[in-house]
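The structure under discussion appears below in the form of structure tokens.
The structure presented is a predicted model; accordingly, all values stated were derived computationally and were not measured. For ligands, and for the atoms within them, numbers begin at 1 and follow the listed sequence. Position 1 is the first residue of the sequence, and the numbers go up from there.
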Amino acid sequence: MAGTGLFEEIKEEDVFKYYADGEWKKSSSGKSVNILNPATRQIQYKVQACTQEEVNKIFESAKAAQKLWAKVPLWKRAEALHKAAALLKEHKAPIAEALVKEVAKPAKDAVSEVVRSGDLISYTAEEGVRILSEGKFLVSDSFPGNERNKLCLSSKIPLGVVLAIPPFNYPVNLAVSKIAPALIAGNSVVLKPPTQGAVAGLHMIHCFHLAGFPKGLLSCVTGKGSEIGDFLTMHPGVNCISFTGGDTGIAISKKAGMVPLQMELGGKDACIVLEDADLDLAAANIVKGGFSYSGQRCTAVKVVLAMESIADELVRKVNAKIAKLTVGSPEDDCDITAVVSESSANFIEGLVKDAKEKGATFCQEYRREGNLIWPLLIDHVRPDIRLAWEEPFGPVLPVIRISTVEEGIHHCNANNFALQGCVFTRDINKAILISDAMETGTVQINSAPARGPDHFPFQGLRDSGIGSQGITNSINMMTKVKSTVINLPSPSYTMG
Ligand code: NAP
């Protein structure tokens, strides 16, 4: 049960505590925030609504702790991270249970998220040891007009306090993908977990607590983003913001001051299927890519662009697979589970109604019970239909029929979102030319879009993000370069 046993201290009565100065605390606000179970729509958990004064204290402690942490030898920082990774994996059950209850993640996927997170932390520790131990040595006479009298030593140093804000869909994995690179690089971290997903996040933080990180180095502030978000992101104590989520990120990037930003935002990942594609492979990837975790993934296939000549057969194959998807409760590990909230379900329904009114072809009957929406493929979607462009973040997938490859590439590049895309073809030359032409952060050839493996570079262009993630890039992003220049006497100087 979430919040029991080893995790007893993170909760009092029925409200989970927040984490500051190495301790679990109740907020002086006396207020809590409800977390609804997406499947039952009943209150599942409660977390503290932290105050601005509490946030101020957290930033003060984070600043002080960071100064000391930056002096801890790199191998010791790595050792602490390995310990946290092992604890996370050891305690995967209560964390996964929280993921099932507060974000309706299918049971097996919930466990996978925690295990993957442990692996990510360990890999980050190892990668950090490798890349942070390297620096650069430059000699001045390679630049025109200079003599050989200046020696430059550069190395990477931490940024300071990193504010980490992950979204509801991977509240553990996308938290550790910020926390681990920040800590190995010598930063401190203030985590603001998503409200749906906060309890899984608090359990994850407790694993870091048990691993024995110094007080104040890692903190976790809970509360609604709409209430404390601006105070956090505009706080003068923040030296870097690493954010994953939707349009909120665009607003944050306009408000944040002179701090480095890492933004992982929405996607409308297109899947282009050519005439010569292996249609069984394409159909399997479209269904896995489009409907895993009910389509609530940034890298979900969000629009299929199929060449007219193979579209009928492709749609038939996709529909046959959709018919086999199980729909129901996350505890039963169903493929399709309730979407995260009633407002999300209503938004998805709005997109479905728009497609209906504008005459698209429904391959299945639209069915919804509460927040549970049955998987739906909508064919013959035209550019005037909202689903052609918008991210439903649910189990609804549009198919646009195209008569030329250029039409598909044009549709992909005309969207403000530019996270990933994929192309199915047996012709590798065509695949590479299409990949070059698709203006997205990544293009997958003959597979659905995916973030992992977590050490691959991962980035969104345009409204899909700022910067590049993936373990190595995140470590680098959370550092700055510091140089020391040794100035020798001029070459005319003679010794002795
Ligand atoms: P969201 O509504 O933007 O929320 C993301 C986070 O921002 C949550 O922790 C939220 O807290 C917080 N927040 C809300 N208002 C804030 C404010 N004013 N200031 C600071 N933080 C604030 O996104 P979501 O619904 O959780 O996630 C779905 C979106 O994330 C989709 O668009 C998806 O494509 C995107 N996503 C992108 C990636 C990627 O790597 N590119 C990965 C996963 C998801 P509360 O929960 O308390 O509101």
May I ask you to list the atoms of ligand 1 that are less than 4.0 angstrom from any heavy atom of [X]?
{"X": "N169", "answer": "43 (C), 44 (C)"}
{"X": "K224", "answer": "47 (O)"}
{"X": "I165", "answer": "6 (C), 7 (O), 9 (O), 12 (C), 20 (C), 21 (N)"}

Self-check item: Short N or O distance, F168 and ligand 1, threshold 3.5 Å exclusive
Solution: yes
Quiz item: Would you say ligand 1 has an N or O under 3.5 Å from any N or O of L174?
Solution: no
Exercise. Determine whether the aromatic ring centres of H206 and F16 lie less than 6.0 Å apart.
Key: no
Exercise. Indicate whether the side chain of K192 and that of T233 have a donor and an acceptor atom separated by less than 3.5 Å.
Key: no
Identify, for [atom], the protein heavy atom at the shortest distance, and state residue, atom and that distance.
{"atom": "atom 11 (O) of ligand 1", "answer": "K192 NZ, 3.1 Å"}
{"atom": "atom 48 (O) of ligand 1", "answer": "G225 N, 3.7 Å"}
{"atom": "atom 9 (O) of ligand 1", "answer": "P166 O, 2.9 Å"}
{"atom": "atom 2 (O) of ligand 1", "answer": "T248 OG1, 3.8 Å"}
{"atom": "atom 35 (C) of ligand 1", "answer": "G245 O, 3.2 Å"}
{"atom": "atom 7 (O) of ligand 1", "answer": "F243 CE1, 3.2 Å"}
{"atom": "atom 42 (C) of ligand 1", "answer": "C298 SG, 3.0 Å"}
{"atom": "atom 19 (N) of ligand 1", "answer": "G229 CA, 3.2 Å"}

Quiz prompt | Short side-chain to backbone donor-acceptor contact, K105 and N169, under 3.5 Å | solution = yes
Quiz item: Any idea which heavy atoms bring L325 and D335 closest together, and the distance?
Solution: CA-OD2, 3.4 Å
Between [X] and [Y], is there a side-chain N and carboxylate O pair less than 4.0 Å apart?
{"X": "E13", "Y": "K46", "result": "no"}
{"X": "K101", "Y": "E331", "result": "yes"}
{"X": "E54", "Y": "K25", "result": "no"}

